[in-house]
Amino acid sequence: MTLVEADFSEAEERSAFLFDLRGRVRNLSLPASAANSLIPLFEAISNSLHAVEARFGDNFPEAGEIEVEVLRSGQQEDAAVSGFMVRDNGIGLSDINMKSFRTSDSPHKISKGGKGVGRLTWLKTFGDCEIRSWFERDGKPLQRSFGFSMKQENPIARHTVTVAPHSFKYGTEVRLAPFLSPYDAHCPKRTGTIAAKIVGHFLNYFAVGKVPNITLFDSETVDLGAFFKENQSRNDVEPVSLPLPLGPEEHSDFEIFHVLLKKQLRFHDSGGLHWLFQAGNGRVAKQEPIDSQLGLKYVGEDRDCVYVGLVAGKYLDAHVNQERTGFTFSDDDAKLIHKAAVDSAKRFLSDYILEIRTRQIATTDKLIRANPQFLPFRDGLEDFVEHNLSLGTQGEEDIFLELSRRKLRAKRKLDSEIISLKNDGVQQLEQEIQRITKALNTEKKSSLAEYVVRRKEILELLDSSLAFVDQEKQRYYKEEYIHELIVPIRSSSEELDYNQHNLWILDDRLAFYTFFRSDKPFKTYVDGSDSTKEPDVAIVFERALAFQREGRDEPIVIVEFKRPGRDDYDGNSSPVAQVLDYVDVFRSGTAVKDRAGKIIKPIDLSTRFICFVVADFTETLKKVIRTSVANNPTADGQGFFGYSREHNATVEVVPYDKVLHDARVRNEAFFSRLGLL
């Protein structure tokens, strides 16, 4: 074989790179990662795609052939990947192509989106590269071969151009090996993963059907075109126009390719299922998972597919960076393109999106019913879900947080409008008052609904407390549990707000009493009394509390709870006598005072007392009631009442069941009015 002289001298060859090549490669932005470890392979395949297109023109999908061979460090299927061999039947490294290869940042492939730096990624990631190419010069077939590495000052070594052997085929063969550290540790090992990543990187070729025959050789042989089609469930393309700041040679037309692929063709083993790709000049330069924006798991008829979207357009072609790992346009443009692509994806996946929205509506409605402070959102439920819940917001807790956030924002807006209304004077006053009043009423209605639902839960808890604590022995809960539920033991109005006790269970009027004492010695709040009477811890059946509402003409109310199921009353343990004894203690003093000694209510002969005894109507209790002042049956026949002239006190004895029933009836009236039933 004779050496054929090239068009350039050896001296020219050695002076081709007139800059610090090592510094250029060192500064090339290509951090080690699973994706970046394959960038050099993608560059080699991209060169092959351009080569077959240059040779065959529009016929390159039918006539072009590219082979990718995986080189491994051992014979085992899971042996580490040491490099790749890429072969094509393209136009070959002609003299003009070789000149471009030797020129950093060459403009030779600008029309195809080439940046002239792709082969520099070979130097950054591989210890050695070998290139052989068969091309034509002046009608004669030639073979070019050389080494390409950073081992010597000139990265091009052992360059020869000879007459091609008789068995030659036009094209180029690139051997990239071995991997340099740390890229070797990041390269995927599985054949299927490498195949999926190649298809993913060149998805636009596969999506539009303009791809030559690409075959991957490893422990198994994979026809990538067939691999893509076999794993494709559905596809579509949507043109989109966006208002971007375009230059004279750019325009705002984009194409978004949508593909559903079988999950075996997932492009990424770590991270999301569904991906959005953006391609510049025929190659994917940006990829990101969009699972959280779609809110979808696997899709497709059998729920075994993932979604992949590809955005392409001249604007992306003009702004892809030199490493082809991103774009150079502004963040605002990036957000606009991303949003348009995701919106298009949602339209493509509308059937699955509708399923999510339906579930979100059902979950939100359930939360509003359980937490009616969010009642204002119920009328426009579908609109609320559509405009306030991302597709990824599906759990009850996440939806609850979003409802709370929106409620707070609505309240702040309403407060601001009220302030503005006060400051703006009378202009449009009537119209604004009507609108703001409606909003206020809606807010108050939701607050009332929340209160009513809370009361319902308290009543359910009270119902449970009246049951047996031990079914076999038929032991009841002690009355202290019920006492604690209605009002905490040893508490006072200084320690609790009106919404921290549940005195409304007995009578709704008691909900707003502003002074009460629970299990406190009388001498601590009855001025002039030295009585230390107070239920002893050992006497767990005597739980009393006293409280008073605003206003000097209101009665003092005393409530005594008795253990459910108690049936050992006698003349010495009459609860009616017990509460009247408490009245005597009150009358022994001159006034009720608060913790600071301030007079809350004077006590004189005209002071009225209302006493409640809450107990189960056992036989012994009925017996002691018949001989007490409270021996008159109530109108419904479920309790007893009476009046002691001596004490100026009425006494009502009511069973727990009646207290619970009456409280439920009152609360259900609110439920019905608020539409919560």
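As a basis for the values below, the full set of heavy atoms in this structure was taken, side chains included, without hydrogen atoms, waters or symmetry mates.
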Please identify each residue that fulfils side chain to side chain donor-acceptor pair (under 3.5 Å) with Lys366, with sequence neighbours left out. Glu396
When every non-hydrogen atom of Ser531 is compared with those of Ser529, the smallest separation belongs to N-OG, 3.2 Å
Does the distance from a Lys or Arg side-chain N to an Asp or Glu carboxylate O, for Lys623 and Glu619, drop under 4.0 Å? no
Inter-residue atom distance Ile356.CD1 - Asp351.CG, 0.5 Å rounding: 12.0 Å
Is a donor on one side and an acceptor on the other found under 3.5 Å between the side chain of Asp567 and the backbone of Thr618? no
Are His258 and Tyr307 close enough that their ring centres sit under 6.0 Å apart? yes
Looking only at heavy atoms, what is the nearest atom pair of Gly589 and Val526, with distance? CA-CG1, 3.8 Å
Is the backbone N or O of Gln360 less than 3.5 Å from a side-chain atom of Thr363, with the two atoms forming a donor-acceptor pair by type? no
Heavy atoms from other residues, nucleotides or ligands near NZ of Lys346 exceed 12 (cutoff 6.0 Å): yes
For Phe641, enumerate each residue passing the ring pair (Phe, Tyr, Trp, His ring centres under 6.0 Å) test, keeping only those at least two apart in sequence or located in another chain. none
Checking Thr393 against Asp398: is there a side-chain donor and acceptor pair closer than 3.5 Å? no
Measure across Gln578 and Lys562 and return the closest heavy-atom pair with its distance rounded to 0.1 Å. OE1-NZ, 2.6 Å
Residue set satisfying ring pair (Phe, Tyr, Trp, His ring centres under 6.0 Å) with Phe640, at least two apart, ordered chain then number -> Phe617
Any side-chain heavy-atom pair of Glu560 and Val614 under 4.5 Å: no
Could you check whether Asp383 and His387, counting side-chain N and O atoms only, form a donor-acceptor pair closer than 3.5 Å? yes
Rounded to the nearest 0.5 Å, what separation is found between the OG1 atom of Thr627 and the NZ atom of Lys622? 14.5 Å
Got a donor-acceptor contact below 3.5 angstrom from the Asn388 side chain to the Phe384 backbone? yes
Run the salt bridge (charged side-chain N to carboxylate O under 4.0 Å, His left out) test against Glu382 and tell me which residues pass, sequence neighbours left out. none
Mind checking what makes ring pair (Phe, Tyr, Trp, His ring centres under 6.0 Å) contact with Tyr569, not counting sequence neighbours? none
Nearest 0.5 Å, what's the CG-OG distance between Leu391 and Ser292? 9.5 Å
Cationic N near anionic O, under 4.0 Å, Asp636 to Lys658: yes
Under a 4.5 Å cut-off applied to non-hydrogen side-chain atoms, are Arg664 and Leu660 in contact? yes
Check: Asp616 side chain, Gly565 main-chain N or O, donor-acceptor pair, under 3.5 Å: yes
Min side-chain heavy-atom separation Tyr298-Leu273 under 4.5 Å: yes
What do the steps show when you test Val259 against Arg234 for side chain to side chain contact (heavy atoms under 4.5 Å, CB included), and what is the final call? CA-CA 6 Å; Val259 185; Arg234 176 179 157 221; over 6 Å; no
Quick one, Asn631 and Val576 - any side-chain contact, counting heavy atoms below 4.5 Å? no
Short N-O contact, Arg566 and Asp568, less than 4.0 angstrom: yes
The single option from Glu288, His338, His274 that satisfies side-chain hydrogen bond (donor to acceptor under 3.5 Å, both in side chains) with Gln293 is His338
Run the side chain to side chain contact (heavy atoms under 4.5 Å, CB included) test on Ile368 and Leu381 for me, step by step, so that the C-alpha distance in whole Å, both residues' side-chain angles and the decisive distance to 0.1 Å come before the verdict. CA-CA 10 Å; Ile368 291 174; Leu381 186 57; 3.9 Å; yes
Within the distance-only criterion (no hydrogens, no angle test), does the side chain of Arg303 pair as donor or acceptor with the backbone N or O of Gly300 below 3.5 angstrom? yes
Side chain to side chain contact (heavy atoms under 4.5 Å, CB included) for Val579 and Val651? Distances and angles first, verdict last. CA-CA 8 Å; Val579 294; Val651 180; 4.2 Å; yes
May I ask you to say whether Asp304 pairs ionically with Lys262, meaning some side-chain N is under 4.0 Å from a carboxylate O? yes
Could you tell me the separation between the SG atom of Cys611 and the CD atom of Glu652, rounded to the nearest 0.5 Å? 11.0 Å
Would you find a donor on one side and an acceptor on the other, under 3.5 Å apart, between the side chain of Tyr582 and the backbone of Ala577? no
If we only count heavy atoms from C-beta on, is the Thr590 to Ile603 side-chain gap below 4.5 Å? no
Could you give the distance from CG (Asn648) to CD1 (Ile610), rounded to the nearest 0.5 Å? 10.0 Å
Decide yes or no for Arg347 and Ser344: does some side-chain heavy atom of the first lie under 4.5 Å from some side-chain heavy atom of the second? yes
Shortest non-hydrogen separation from Leu294 to Ala345 and the atoms involved: CD2-CB, 4.4 Å
Tell me, please, which residues at least two apart from Ser404 pass side chain to side chain donor-acceptor pair (under 3.5 Å). none
Which heavy-atom pair separates Ala341 from Ile256 by the least distance, and what is that distance? CA-CD1, 3.6 Å
Any heavy-atom pair between the side chains of Phe609 and Pro555 that's under 4.5 Å? no
Leu349 and Leu296: CA distance, side-chain angles, deciding distance, side chain to side chain contact (heavy atoms under 4.5 Å, CB included) verdict: CA-CA 10 Å; Leu349 299 165; Leu296 296 169; 3.9 Å; yes
Between Thr607 and Asp604, is any side-chain donor less than 3.5 angstrom from a side-chain acceptor? yes
Check the pair Lys339, Asp343 against salt bridge (charged side-chain N to carboxylate O under 4.0 Å, His left out), reporting the backbone distance first and the verdict last. CA-CA 6 Å; Lys339 182 180 185 305; Asp343 289 345; 2.8 Å; yes
With a 4.5 Å heavy-atom cut-off, do Leu621 and Pro575 have their side chains touching? yes
Return the CD1 to CG distance between Ile337 and Asp332, rounded to the nearest 0.5 Å. 11.0 Å
